[in-house]
Structures are given as C-alpha cells and as structure tokens.
Amino acid sequence: MEFKKIGIIGTGLMGGGIAQVCAQVGYETVSYDVNEAAFERTQGIIQTSMDKMVARGKFTPEYVTEVLARMSYTTDIANLSDCDIVVEAVFENLEIKLNVLKQVEEVVGEKCLICSNTSALSITTLGTALQHPERFMGTHFFSPVPVMKLVELVPGLETSEETYAAVAHWAESIKKVSIKAPDTCGFISNRLMPLPQNEGAELLALGVDPYDIDACWMLFNQAPVGTLSIVDTGGAHTTVGCLTSIYEGMEDDRYRPHHYLKQLVAAGRLGVKTGQGIFKWN
Amino acid sequence: MIYIIGDNKRSILLQKAAADNGLEAGVFGGVEDVKGECDLIILNTGEDLEKRRAEVAALAEKTSAPIAVTISLNYACAMTKGAADKSHIVAIRTMEDECIGEYIELTKTFDTDEGVYAKVLEILKSFNDRVAEVPDIIGGIFYRIAFLYSNMGAHLVSEGVTVVDVDNSIRYGNNIKRPPLRIADEVGLDRVLEILTALYRETGRPAYRPSPLIKQLVNAGRLGKKSGQGFYQYD
C-alpha cells in the first residue's frame with residue numbers, strides 16, 4: 001500500500017513529532033486539532049527542532065522550507081477525508097480517544113488505515129469504537145519523536161495482517177525501528193522500564209546512595225542516563241502511574257509501586273519540574 | 001602493597017587496575033602464600049562459603065592487615081563467621097568480571113573497625129573510578145539491578161515477543177547500548193538464574209522470580225554464548 005497523505009489528530013508533543021517525521025521523508029501531512037491556537041505553538045516547536053538540525057549541518061534551510069510546506073493544519077476533521085492513514089494522538093483518555101476514533105471513521109475513505117498512538121490503553125478496546133476494527137491498530141512512539149528511533153506497533157484482536165504489514169511498512173519509511181508488541185498493559189517497553197526504577201526505590205529505602213545506583217546502571221548497561229534520573233525526569237507520579245496500571249491491569253505483583261516512590265509523590269517531590277525528587281535539581 | 005589471593009581473571013584485572021594507578025599488587029594462589037606486611041589483602045577465591053570462611057578465619061589469625069573479601073550473593077557478615085578478630089574484615093563486590101577499576105562496592109560488617117574501613121576506602125578509591133559504599137544487603141547494588149530487564153525480557157519472549165524485539169525496545173527506546181537478552185547470554189544463563197534465584201529467595205521481591213524460560217534454557221544446556229546457544233545462536 002502506498003501512502004501519500006498522513007493525517008494526525010492532535011498537535012501536542014507526540015502529534016507534532018509524528019507529523020514532523022512524516023513530512024521529513026516526503027509525506028504530505030494534515031494535522032487536526034480543535035484549538036487553532038495550538039497550531040502556532042506546535043509550528044514553533046517543529047521550527048526550533050529543525051533549526052537545530054540546520055545548525056548542526058544535518059539539514060539545509062531549503063530542505064526545512066520544503067518540509068514545512070508539506071505540513072498543513074486544520075480545525076475541520078473533514079479535511080482528513082483523503083488521508084491514506086490517520087494517526088490519533090490525543091490525550092491518554094479512553095473516552096476521548098473512543099470518541100475521536102468514531103469521528104475519524106466517519107470522514108475517511110474505506111481504505112484509510114487508522115492508528116491510535118498510546119503508551120498504555122488497550123488497542124482492542126479502542127478498536128471497539130470502529131465499524132471496521134480490522135483496519136485499526138496501535139502505535140507507541142517515543143518522545144521526542146524526531147529523535148527516538150523506536151516505535152511499538154500493537155495489533156488488536158481484530159487487526160488484520162494486511163493492516164499490520166502496511167503500518168509496519170509506513171513505520172520503516174519514516175525511519176523508525178518497529179517492534180511488534182502484544183496488546184497488554186505497558187506493551188513491551190513500559191513493562192521493562194519501571195522494574196529497575198522500582199527496585200532502585202527499594203535500594204534507596206535500604207539506604208543506598210542514588211548516585212551510586214545510577215552510576216552502576218549506566219556503566220553496566222552503557223546507558224546515557226541513570227534509571228533513577230529517568231524517574232526524576234518524568235516525575236515519580238509518572239513512574240507510580242505506569243507501575244500501578246500494570247499492577248492492576250495484569251494483577252502482576254512485580255509492578256506493585258514501592259512505598260518510597262509513593263512517598264515522593266505524597267511529598268510533592270516530582271523531580272526536575274519541582275526541583276527535587278530522588279535528586280536535587282537546579 | 002596489595003595482596004590479591006585467588007588465581008583467576010578477576011584477580012588479574014584487579015591487579016592491573018591497581019598497577020595502572022601506580023600501586024604495587026601481587027596475585028597469589030592461596031592464603032598460605034601471604035607473607036610479610038601489606039596494606040590490603042583482597043581474598044578473591046571462588047564461591048564456596050564454608051571454604052571461604054575458613055580462609056577468612058585463617059587470614060585474620062595470620063595478619064592484622066585489612067582483609068577485603070569479594071562477595072556477590074552473600075552478606076558481608078556471613079564471611080566473618082569463625083574469625084577470631086573480625087574488626088579488620090570488609091567485603092567488596094564487582095560487576096562479575098566487568099568494569100574492574102571503574103566501579104566497585106564496599107561493605108562493612110557489624111564488627112568492622114571504622115579506621116580499617118576508612119583505610120580500605122582510601123585504597124580502593126586510588127584505583128577505582130567509583131567506590132559505592134553499600135549497606136550489607138544481599139546482592140548489593142549491582143546484582144539487584146543488573147538482570148531485571150533480562151528476566152522480564154525472558155517473560156515477554158514467553159508471551160510471544162521476539163528476542164530481537166525485546167532487545168530493540170531497550171536499545172532504541174532507551175538508548176541503552178547493551179540490550180538485556182544479549183547481556184544475559186554473555187554472562188551465562190546459568191549464572192543469571194543463580195543470581196535471580198538467590199535474590200528472590202532472600203528478598204521475596206517478585207521482580208526477581210526467575211522466568212520459567214530461563215530455567216528451561218538452562219535445563220536444555222543453552223547457557224548463552226559459552227555453550228553456543230541461549231537467547232541467540234552463536235557460531
């Protein structure tokens with residue numbers, strides 16, 4: 001299946017990033033949002049991101065102009081009608097996503113593929129919004145989308161093999177490494193990532209220095225960032241939320257959030273954004 | 001002068017790290033080889049607990065020099081049982097045979113003299129980039145965090161995820177250069193299973209409950225790189 005025009009629902013960090021990587025490889029994109037004021041902010045973020053690449057000599061100014069010219073914005077969802085694939089990337093709320101997906105299916109053509117970008121919600125459940133769930137599946141891009149190479153592709157129970165193959169082809173065309181994830185809480189990456197964070201919290205409770213934990217982690221794994229620093233980057237509330245959703249969703253006791261992380265949340269120590277979490281941040 | 005007892009790879013690497021930092025260090029085969037004065041004795045002689053306790057007791061009887069006993073899945077305190085004088089005994093923990101000279105953990109026992117501890121810390125800092133001072137907990141920092149991804153990765157493979165996709169999720173989703181199932185193969189799945197089993201038994205924490213797939217691979221003799229097959233196939 002050939003893709004020419006990509007529709008993106010939502011112009012937040014993820015939606016904007018997905019539109020950008022599509023336009024960068026030559027696709028025409030149309031981004032839909034209910035709020036026109038959001039467009040200017042998104043365009044500014046994309047412009048800044050691409051200006052950095054120009055400064056590093058990766059992009060030419062002419063290329064940036066071409067890419068930006070391929071990107072359009074609309075507040076009328078009917079303008080997605082001629083898209084080959086529509087990626088819904090709105091807020092992580094089941095009811096909102098179900099409602100948006102219904103609207104998408106009403107305006108797009110019968111051959112259009114539909115994806116939901118989510119890090120947590122059940123793709124099979126989201127597919128129930130559609131008359132034709134066989135043309136629907138999940139994607140999980142990583143932030144920032146233009147930088148991170150990975151995308152998890154998640155088929156739901158009703159997703160057809162043709163849909164999966166076509167979306168995998170599209171993912172490859174936008175220069176992402178795709179992995180096939182089961183439609184379970186946390187998919188693949190989010191079932192792995194919080195475990196050392198939770199056990200790191202156990203070590204903190206036992207009196208271990210967090211700098212030593214991160215140093216050990218980075219050295220052994222050849223990782224650019226420590227596992228506890230990642231907790232502080234998103235905030236302990238994010239880690240607790242991720243752990244809780246898998247703990248409750250899969251009844252898996254490996255993900256029971258450690259009390260140390262809960263204490264950080266209770267104390268409002270949410271990491272980088274509050275100036276203090278596991279570490280102190282300036 | 002540092003005496004390193006135990007003729008094995010880790011001892012050689014410790015000796016090299018010390019020598020690279022201008023310290024004199026010698027590797028010896030056994031406790032009986034310790035003669036004369038030295039600043040630190042590193043006892044690095046395998047995993048047999050009873051044998052090592054006897055060695056620690058013999059060394060403590062023989063010398064008053066600080067004794068650093070290498071441990072992995074034991075408590076530091078477990079090493080001093082039987083020693084008449086426990087005040088000059090500490091424990092150290094490395095990342096198996098990796099990153100020697102870059103990272104080492106130091107743990108005191110209930111009986112370690114503070115002056116001895118400070119002296120050992122100073123010596124270790126002189127030939128290690130980072131010395132983590134760790135309470136006497138099973139597995140220290142390294143073993144508690146090193147194989148969590150490998151274990152859960154194995155669970156995911158059991159659920160139908162491919163080995164390559166598990167490793168790619170970490171490599172490209174977290175920018176980690178050493179993916180977990182590849183690491184497990186390199187360390188040896190029998191060793192990974194031993195580590196997880198010990199941690200689960202001692203801490204009760206479910207994250208260490210070994211994946212049945214790792215048990216199956218070990219039972220099948222697929223131990224990773226050293227046997228030619230583990231999660232991956234090796235030529």
Side-chain angles (χ1 to χ4, degrees), chain A residues 140-143 147-153 176-182 184 186-200 202-228 230 247 250 252-256 258, chain B residues 93 95-96 98-99 102-106 129-153 155-157 159-162 164-180 183 187 199-200 203-209:
Chain A
H140 176 206
F141 284 88
F142 290 70
S143 185
V147 176
M148 300 300 288
K149 286 185 78 79
L150 189 72
V151 59
E152 291 183 311
L153 301 182
K176 296 296 175 192
V177 174
S178 68
I179 60 176
K180 187 176 184 179
T184 53
F187 307 138
I188 297 175
S189 187
N190 281 348
R191 282 178 72 188
L192 291 165
M193 200 165 71
L195 287 172
Q197 297 170 345
N198 211 34
E199 297 314 312
E202 166 73 358
L203 289 173
L204 294 175
L206 292 167
V208 176
D209 184 336
Y211 289 97
D212 287 334
I213 297 170
D214 269 9
C216 180
W217 177 261
M218 291 165 69
L219 196 56
F220 183 66
N221 292 296
Q222 295 179 20
V225 187
T227 189
L228 296 180
I230 292 174
Y247 175 52
M250 299 188 75
D252 188 334
D253 55 0
R254 284 174 289 221
Y255 296 91
R256 181 167 45 229
H258 196 277
Chain B
R93 190 181 281 109
M95 297 182 184
E96 296 282 283
E98 295 189 46
C99 306
E102 294 178 86
Y103 175 91
I104 198 163
E105 296 177 10
L106 173 63
D129 296 340
R130 187 175 200 95
V131 182
E133 298 181 68
V134 182
D136 194 6
I137 55 174
I138 203 83
I141 299 174
F142 170 65
Y143 289 98
R144 293 250 190 153
I145 61 173
F147 301 104
L148 290 162
Y149 277 173
S150 305
N151 196 34
M152 180 46 67
H155 279 289
L156 288 165
V157 171
E159 292 176 18
V161 179
T162 69
V164 171
D165 278 358
V166 168
D167 275 358
N168 277 347
S169 79
I170 293 303
R171 191 194 297 265
Y172 297 109
N174 298 55
N175 287 331
I176 286 176
K177 289 184 182 166
R178 295 187 74 201
I183 287 181
V187 170
L199 291 175
Y200 183 51
T203 69
R205 293 192 63 77
Y208 302 113
R209 190 168 54 231

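Order of the sequence lines fixes the chain letters, A, B, ..., with proteins taken first and strands second; residue numbering starts at 1 for each chain.
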> OG of S169(B) to NE2 of H140(A): how many Å apart, nearest 0.5 Å?
11.0 Å
> Over all heavy atoms of both residues, which pair between M193(A) and Y149(B) is shortest? Give the atoms and the distance, please.
CA-OH, 3.5 Å
> Please state whether the side chain, the backbone, both or neither of E98(B) comes within less than 4.5 Å of a heavy atom of chain A.
side chain
> Can you name the closest pair of heavy atoms from D212(A) and E133(B) and give their distance?
OD2-N, 3.7 Å
> Quick one: list whatever passes side-chain contact (heavy atoms from CB on, under 4.5 Å) with P182(A), sequence neighbours left out.
T184(A), I188(A), V161(B)
> Does T162(B) have any side-chain contact (heavy atoms from CB on, under 4.5 Å) partners at least two apart in sequence or in another chain, and if so, which?
V164(B), D165(B)
> Pairing donors with acceptors under 3.5 angstrom, does anything connect the side chains of R254(A) and H155(B)?
yes
> Does any heavy atom of chain B fall under 4.5 Å from the side chain of L203(A), the backbone, both, or neither of them?
side chain
> Does a side-chain heavy-atom distance below 4.5 Å link D129(B) with L219(A)?
no
> Within this structure, what is the CD1-CD1 distance for the pair I179(A) and I170(B), rounded to the nearest 0.5 Å?
8.5 Å
> Do the non-hydrogen side-chain atoms of R171(B) and L150(A) ever get within less than 4.5 Å of each other?
no
> Out of E202(A), K149(A), E152(A), K180(A), return the one with the most heavy atom pairs under 4.5 angstrom to chain B.
E202(A)
> Where does Y211(A) contact chain B at under 4.5 Å (heavy atoms): side chain, backbone, both or neither?
both
> Are any of the side-chain heavy atoms of Y103(B) and M218(A) separated by less than 4.5 Å?
no
> With E199(A) as reference, evaluate L199(B), L148(B), T203(B) under the side-chain contact (heavy atoms from CB on, under 4.5 Å) test and give the passing residue.
L148(B)
> In terms of heavy-atom proximity below 4.5 Å to chain A, should L156(B) be classed as side chain, backbone, both, or neither?
side chain
> Taking every heavy-atom pair that is under 4.5 Å apart, which of W217(A), F220(A), F187(A) has the most such pairs with chain B?
F220(A)
> Looking at every non-hydrogen atom in both residues, tell me the closest pair between L195(A) and A207(B) and how far apart they are.
CD2-CB, 4.4 Å
> Could you look at S178(A) and say if it's the side chain, the backbone, both or neither that has a heavy atom under 4.5 Å from chain B?
backbone
> Please determine, among N174(B), V134(B), N151(B), the option with the most heavy-atom pairs under 4.5 Å with chain A.
N174(B)
> Measure M95(B) against the heavy atoms of chain A and call it side chain, backbone, both or neither at under 4.5 Å.
side chain
> If I compare all heavy atoms of G153(B) with all of L192(A), which pair ends up nearest, and what's the gap?
N-CD2, 3.7 Å
> Measuring heavy-atom distances to chain A, does I183(B) have an atom under 4.5 Å in its side chain, in its backbone, in both, or in neither?
side chain
> With a 4.5 angstrom heavy-atom cut-off, is it the side chain or the backbone of F142(A) that approaches chain B, or both, or neither?
side chain
